[in-house]
Amino acid sequence: MKKEMDKIYDGIKVQQNKVKFWESLHINEGNREENKKKKPFSMIVPPPNVTGILHIGHAKNQITLDVVARYKRLNNYDVLFLPAVDHAGIATQAKVEEYLRSQNKNKYQIGREEFLKECYKWKEKYASYFTEQWDALGMSMDYTKSRFTMDEGMVEAVNKVFKQLYDEHLIYQGERIINWDPELRTALSNIEVVHKETQGKFYYFKYRFVDNPEEYLTIATTRPETMFGDTALVCNPKDERYKDILNRKVINPSNNQIIPIITDRYVDKEFGTGMMKCTPAHDPNDFEIGKRHNLPMPKIMNLDGTMNENCPEEFVNMDRYVCRQKLVEKLRNQGDLVKIEDIVHQVGYSERSDVVIEPMLSKQWFIKMKPLVVDVLKFQKTSKKTKFLPSRFSKIFTKWLENTEDWCISRQLWWGHRIPVYTNKETKEVVCSTEKLDSNLYTQDEDVLDTWFSSALAPFAFLGWPQTDELTKRFYPLDVMITAYDIIFFWVAKMSVDGVHFTHKMPFKKVYIHGLVRDELGRKMSKSLGNGIDPFEIVRKYGCDSLRYVMSTSGTPGLDLNIGEKNYAFANTFLIKIWNVSRFLINSMPENYKVKKIDVNSLTYIDSYLLEKMNHMISKVKKNMDKYELGIASNSLYDFIYDDLCSTYVEMIKHELRSQDENRKQTIYSVLNLVLKNVLIILFPFCPFISEEIYSYLPQAKKSIYFERFPKVVKNIDSKQAAIGKNIIDIIRYIRNYKMENKLGISSKINLNVSAFENFKMTDFSELLKNMVFADSIKIVEQSEEGLRFFDEIGIKIIADKQKQDEAIKKRIEFLQNEIKRCDSMLNNENFIQRAKKEKVELEKNKRQKFIEELNTYLK
RNA sequence: GGGUGUUUAGCUCAGCUGGGAGAGCAUCUGUUUGACGUACAGAAGGUCAUAGGUUCGAUCCCUAUAGCACCCACCA
């Protein structure tokens, strides 16, 4: 009993059980014994944070990866496609703390050990959510090798890397100005700070001279509360205006302390009054000045953003912004406020907590980036460099590396890789050790490492480094890293640095950068706008394939893509179309149809035409898939299915399928079977569920479409036959158009005069035209017959209403005359003849010749 | 302040070695309800941001200008 396809395409039903089915075939697993002779291909998933739910950006990224993985498998590669999740220090800790608060607890009450247990619980819970979500996206990753950035192997890798960098003096501890997040109470690296234009105020205060309080300097600041930490006023040494007052001292109006006036080249004479205040412990530039001049560096703020005991008593423990207001008020009352101006300036915010960052002097761990970066830059100048797609990102990448500063890697968190540095309790000796040291003798550094410290090791550590080289030998460097442009600096750059330093290779051969997903109006998706699209909502509505089709095929590499409901509906319509045509074709084939190879000699004109179109499509898809141009690739598939297969070919062979001509039908079956199979295989990487489902109804299908290989072109197609097929299609279009223009009605009967070359298969042709354009009778005439319209060698004359026909001919003549004029103007241009490509000139000449010939037939 | 991208049909976007402007949606007109949640056939709609330049020829290459977007940067 033949299995019947459902009448109606149900994207949700179609995907049922398939993920499990594929898993049972072990085809997603890399490096299996039976595949070791194949060429390797490797990718890792940019690990999402364990904090929760995959959003549309993840969907875009991960589906793109998956399309590539499936495509490579079809091309007989042994694909290693490795899933991972990131422990995401700050983000996860914030979530767990939030949870604790809901239980009326906090981390200090339960202690570090208990807190970490909570974090692990959290991680377990969300890591399993990810598997569910990945299944819903149809991901074909190798779960037997999945990794977590804090699993045992990663701990070993992180410690090894840390120790080596430490021993090489590339990791150091230093007292420097860092970005402090008062909300999360941790240091942040520079790239975790987002600068935003913010409405602020410029406050001007009087710094009075000690020797004459009536005389003062006007100093501007945007952060008055930092005045408590002022230890000098500074001007440029070349500033003539101030050269006479340099030996005098001024009173800091906020705390009445006496501070000197110094000079430093940093100060810009032209800016403001040319005199600025210097707060070494709370501003990176002031810090540098302070160091140069040995200024005291009092800190005036607590770690939670409140004022500390170095401030006048009335301000101690006051929030920084409350303090700002109170202080300004106080100074106004004292008569030390000159004016307040509104300004818009750039203010740094924490990427995570969105509070204003406080630059603060603090002891932290840093990686010395310069020497590491130099090696990467050297690599990028050789042939072993990593190629970026689109290539402009290569410039962005190197530019960032050239300008990067030391990386602050310590975080004052509990959740993460603890810094493997220990202090001997007695001798105070400091040691870095990859092994945990006895806590009776040593105390370990309290801080943990920046999350990106571990994810930077992903390309080789996920493959087993340093424990085993089984995978790295075969799959490292990774073939491609696919990611959005927003984490080039966070991740791609750091992976490159560690990759080059620890493996002496760039960790990936190619980096494919895609854009961010936005809404139809090009706006970022955000909670406050309520314009976000949950990818799983789409999956529930249309099924996974529609989402996958949109995510992998819309947009251009490197550019953002604007997507709305319409796109998904469009994709769904396409899938419905494929479903229906497949159902029709499969049902048209006889039960137990035995697949036969195509016999090139038995093909009709339109068979050849279709197969040649298919060949084009196959090569175009392959070419573009290999360039990661998924959108262009899928477009050619789309066009082929809609135009060539459905609208043209299937319409043309319908009547033949109903005929009694068994030989002809056998030929059609063999063509249809091949074309349909190829279409499904090519569609498979994009929309695996529907492809697998329909495939299973094909005669003599394999167990899974996975066991098919990417289609090859059909050889020995007679391109002359195909060209005639094209002529016939044009003739049909011409006749239909003629009817439209002459208001004849599409099914009105017409008569035709036809002239063709000697071996033209007239019966095929007339049969086809009867069915396609209701040609009642077809009369064969000589080439010289009056009024023939030529399609290459086939001449057509429509016999209908004489007057209307004359009009049509008149129009045609006009058109031809214009075309000839155009050709002439080109061909009469000597420059064109001399300098244009020969083929182009030839082409124009031939065109002209044809036009003239046709025109002559009318003018006779 | 520096840098990058972008500007093509009403909307969202293609246009990959410079050689007669394309798709989807939306609009309109036909035809069709025996693969198709309709589909098919067709129409309309564009000085390809603007101004120069290179070229026999420019949507495509170069220069400048403008709008939009993004990235980087310590200007008090």
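Going from atom OH of A/Tyr738 over to atom P of B/rG42 covers 17 Å, rounded to whole Å. Taking atom CG of A/Asn285 as the reference point, atom P of B/rC75 lies 8 Å away to the nearest angstrom. Atom CD in A/Glu830 sits about 16 Å away from atom C1' in B/rG57, given to the nearest Å. One can place CD of A/Gln346 at 12 Å from C1' of B/rC71, the figure rounded to the nearest angstrom. As rounded to whole Å, 15 Å separates atom C1' of B/rA69 from atom CG of A/Asp486. Rounded to whole Å, the distance from CE on A/Met227 to P on B/rA76 is 16 Å. Atoms OH (A/Tyr542) and C1' (B/rG37) sit 12 Å apart, rounded to a whole Å. Atom CG in A/Asn635 sits about 12 Å away from atom P in B/rA23, given to the nearest Å.
Counting any heavy atom pair closer than 4.0 Å across all strands shown, A/Phe570 reaches sugar-phosphate atoms only and no base atom. Among the atoms of the strands shown, only primed sugar atoms or phosphate atoms (P, OP1, OP2) are found under 4.0 Å from some heavy atom of A/Asn737. As judged by a 4.0 angstrom heavy-atom cut-off over every strand, A/Val267 is placed among the base-contacting residues. When heavy atoms are screened at a 4.0 angstrom cut-off, A/Arg733 is found touching the sugar-phosphate backbone but no base atom. The residue A/Phe774 sits apart from the nucleic acid: no heavy atom pair falls under 4.0 Å. If you check every strand for non-hydrogen atoms under 4.0 Å, A/Thr556 touches sugar and phosphate atoms only. Across all strands, A/Glu288 comes closer than 4.0 Å to no nucleic acid atom at all (heavy-atom distances). Nucleic acid contact class of A/Lys623 (heavy atoms, under 4.0 Å, all strands): none. Here A/Asp268 lies in heavy-atom contact (under 4.0 Å) with a base. A/Lys277 comes within 4.0 angstrom of no nucleic acid atom, judged by non-hydrogen atoms across all strands.
Pairing for B/rG1 goes to B/rC72, judged as Watson-Crick or G-U wobble with the two contacts each under 3.5 Å. Pairing for B/rA9 is absent, judged as Watson-Crick or G-U wobble with the two contacts each under 3.5 Å. With both pairing distances under 3.5 Å, B/rU59 is matched to nothing as a Watson-Crick or G-U wobble pair. Shown here, B/rC40 forms a base pair with B/rG30; the pair counts as Watson-Crick or G-U wobble because both key distances fall under 3.5 Å. Searching all strands for a Watson-Crick or G-U wobble partner of B/rU54 with both distances below 3.5 Å returns nothing.
As rounded to the nearest Å, B/rG45 and B/rU27 have C1' atoms that lie 9 Å from one another. Comparing the P positions of B/rG24 and B/rA43 gives a spacing of 13 Å, expressed to the nearest Å. Between the P atoms of B/rC28 and B/rG3, the separation comes to 50 Å (whole Å). Nucleotides B/rC68 and B/rA49 have their C1' atoms positioned 11 Å apart, rounded to a whole Å. The separation of B/rU31 from B/rA69, taken at their P atoms, amounts to 48 Å, rounded to a whole angstrom. Between the C1' atoms of B/rG22 and B/rU8, the separation comes to 10 Å (whole Å).
For the pair A/Lys850 and A/Glu819, the salt-bridge criterion is not met [side-chain N within less than 4.0 Å of a carboxylate O]. A salt bridge links A/Lys840 and A/Glu844; the closest N-O separation between the charged side-chain nitrogens and carboxylate oxygens is under 4.0 Å. Classification of A/Arg518 and A/Asp560 as a salt-bridged pair holds, one side-chain N sitting under 4.0 Å from a carboxylate O. Using a cut-off of 4.0 Å between Lys/Arg side-chain N and Asp/Glu carboxylate O, A/Glu405 and A/Arg176 are scored as not salt-bridged.
For A/Tyr266 and B/rC74, a side-chain-to-base donor-acceptor distance below 3.5 Å is present, hydrogens and geometry of angles not being considered.
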Subject >> Sequence-aligned protein contact record of nucleotides 27-35 of chain B, with B where the base is within under 4.0 Å of a protein heavy atom and S where only the sugar-phosphate is >> reply: ----S--BB
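Comparing B/rG37, B/rC70, B/rA76 against the side chain of A/Ile576 picks out B/rG37 as the nearest. Side-chain proximity of A/Phe832 to the nucleotides B/rG37, B/rA41, B/rG19 is greatest for B/rG19. Taking every side-chain heavy atom of A/Tyr9 into account, B/rG37 is the closest of B/rG24, B/rG37, B/rA76.
For A/Thr573, the side chain to side chain contact (heavy atoms under 4.5 Å, CB included) test picks out A/Tyr642, with sequence neighbours left out. Taking A/Phe574 as the reference, A/Tyr549, A/Tyr638 meet the ring pair (Phe, Tyr, Trp, His ring centres under 6.0 Å) condition, with sequence neighbours excluded. With sequence neighbours excluded, the residues that form a ring pair (Phe, Tyr, Trp, His ring centres under 6.0 Å) with A/Phe228 are A/Phe315.
Applying the salt bridge (charged side-chain N to carboxylate O under 4.0 Å, His left out) test to pairs two or more places apart or on separate chains, those with a residue in residues 642-659 of chain A are A/Glu651-A/Lys654, A/Glu656-A/Arg664.
Defined by atom type and a distance below 3.5 Å, a donor-acceptor pair is missing between the side-chain atoms of A/Tyr203 and A/Glu341. For the 3.5 Å distance criterion, the side chains of A/Asp268 and A/Asn236 fail to qualify, holding no donor opposite an acceptor.
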Please list, for nucleotides 5-12 of chain B, all pairs of protein and nucleotide N/O atoms separated by less than 3.5 Å.
{"residue": "B/rU12", "atom": "O3'", "partner": "A/Asn562", "partner atom": "ND2", "Å": "3.3"}

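Residue A/His616 places its NE2 atom among 12 or fewer non-hydrogen atoms of other residues, nucleotides or ligands, all under 6.0 Å distant.
Of the candidates A/Leu331, A/Val338, A/Asn252, A/Phe205 forms a side-chain contact (heavy atoms from CB on, under 4.5 Å) with just one, namely A/Leu331.
Heavy-atom distances to RNA chain B give each of A/Ile191 and A/Ala220 a nearest nucleotide, and the one nearer the 5′ end belongs to A/Ile191. Each of A/Asn190 and A/Arg518 has a nearest nucleotide on RNA chain B; the 5'-most of these lies closest to A/Arg518.
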